[in-house]
Undergrad: 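Let me begin by handing over the structure; questions about it come next.
Along the sequence shown, residues carry numbers from 1. Side-chain atoms are counted along with the backbone in the values below, which use heavy atoms only and exclude waters and symmetry mates. Everything quoted here is computed from the prediction, not taken from an experiment.
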Amino acid sequence: MRKIWVWAVIIAAGGFLFGFDTGVISGALLYIAPEFHLSPAMQGGVVSVLLLGAMVGALWIGGVADRLGRRPVLGLEGAVFLVGTALAVSAQNYATLMVARVILGLAVDSASATVPI
């Protein structure tokens, strides 16, 4: 029974990441918009581009997990999270922020697709 609870917590954490990463940008936009001089359309782009990366990640990760195995893929996803986060934190312009959000989208949905498995 303990093993089931551990699995349930890990699976819930994977789902939480997707919701957290898509929702946290709402509060962050209050600080990002003035810093990057974002128009409303640009703000929408920053929010929605994560979902574009997530779509690609969902389509891509199944084949990668089949070839490499689930555990190595989870490590790869962690590395992609780190790269995306480092890029987002160090972004100096809108384009870099958009690239970082796409990378984070890849990692978020890849994790939400592989963690439950």
Side-chain angles (χ1 to χ4, degrees):
M1 190 66 164
R2 181 173 180 212
K3 196 178 232 186
I4 292 172
W5 277 102
V6 169
W7 290 345
V9 168
I10 291 170
I11 291 168
F16 171 77
L17 284 174
F18 187 78
F20 180 77
D21 279 351
T22 56
V24 75
I25 193 68
S26 302
L29 274 178
L30 296 173
Y31 303 101
I32 294 171
E35 183 73 26
F36 288 95
H37 308 289
L38 301 179
S39 69
M42 294 167 95
Q43 290 178 36
V46 169
V47 171
S48 63
V49 77
L50 183 119
L51 298 176
L52 294 175
M55 286 189 301
V56 172
L59 293 171
W60 167 73
I61 201 63
V64 174
D66 285 345
R67 282 191 297 281
L68 299 178
R70 180 181 51 84
R71 288 184 187 194
V73 167
L74 290 174
L76 177 65
E77 291 165 356
V80 174
F81 265 116
L82 287 175
V83 168
T85 302
L87 196 56
V89 168
S90 63
Q92 297 293 316
N93 57 40
Y94 174 70
T96 307
L97 184 60
M98 293 291 279
V99 169
R101 294 281 295 164
V102 169
I103 292 170
L104 287 169
L106 288 169
V108 165
D109 207 46
S110 296
S112 65
T114 56
V115 167
I117 296 170

Undergrad: Give, for atom CG of L82 and atom CG of L104, the distance between the pair rounded to the nearest 0.5 Å.
TA: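 The CG atom of L82 sits 10.0 Å away from the CG atom of L104.
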
Undergrad: If hydrophobic clusters are built from ILVMFWY residues whose side chains come within less than 4.5 Å, do L29 and F36 share one?
TA: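 Per the 4.5 Å side-chain linkage, L29 and F36 are co-clustered.
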
Undergrad: Out of curiosity, does V47 fall in the hydrophobic cluster containing V102 (side-chain heavy atoms, cut-off under 4.5 Å, transitive links)?
TA: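 Yes, V102 and V47 fall within the same hydrophobic cluster.
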
Undergrad: Scan the side chains in residues 55-68 for donor-acceptor partners under 3.5 Å anywhere in the protein, sequence neighbours excluded, and list what turns up.
TA:
residue: R67; atom: NH1; partner: G63; partner atom: O; Å: 3.4

Undergrad: Quick one: pull up CE in M98 and OG in S48 and give me the separation to the nearest 0.5 Å.
TA: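 Taking CE in M98 and OG in S48, the distance rounds to 6.5 Å.
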
Undergrad: State the OH-CD distance between Y94 and Q43, to the nearest 0.5 angstrom.
TA: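 Between Y94 OH and Q43 CD, I get 10.0 Å after rounding to 0.5 Å.
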
Undergrad: What pair of heavy atoms forms the shortest contact from V73 to G69, and how long is it?
TA: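 Closest approach of V73 to G69: CG2-O, 3.1 Å.
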
Undergrad: Looking only at non-hydrogen atoms, find the nearest pair between G84 and A100 and report the distance.
TA: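 Shortest heavy-atom contact: O-CB, 3.7 Å.
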
Undergrad: Which heavy atom of T114 sits nearest to which heavy atom of R70, and what is that distance?
TA: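 Of all heavy-atom pairs spanning T114 and R70, the closest is O-CD, 4.0 Å.
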
Undergrad: Does a side-chain heavy-atom distance below 4.5 Å link I32 with I25?
TA: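 Yes, close enough: below the 4.5 Å cut-off.
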
Undergrad: If you take all heavy atoms of A86 and S90, which pair is closest and at what distance?
TA: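 In terms of heavy atoms, the two residues are closest at O-OG, 2.8 Å.
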
Undergrad: A side-chain contact here means heavy atoms from C-beta on lying under 4.5 Å apart; do I103 and V80 qualify?
TA: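 Yes; the side chains approach each other to less than 4.5 Å.
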
Undergrad: Verify, without hydrogens or angle tests, whether R101 (side chain) and V46 (backbone) share a donor-acceptor contact under 3.5 angstrom.
TA: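 Checking the backbone N and O of V46 against the side chain of R101, a donor-acceptor pair under 3.5 Å is found.
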
Undergrad: Quick check: closest heavy atoms across H37 and M42, and the distance to 0.1 Å?
TA: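 Here H37 and M42 meet closest at O-SD, 4.2 Å.
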
Undergrad: For residues L50 and L52: do they belong to one hydrophobic cluster (side chain heavy atoms under 4.5 Å, members Ile, Leu, Val, Met, Phe, Trp, Tyr)?
TA: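 No, because L50 and L52 fall into different hydrophobic clusters, even though each may have its own neighbours under 4.5 Å.
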
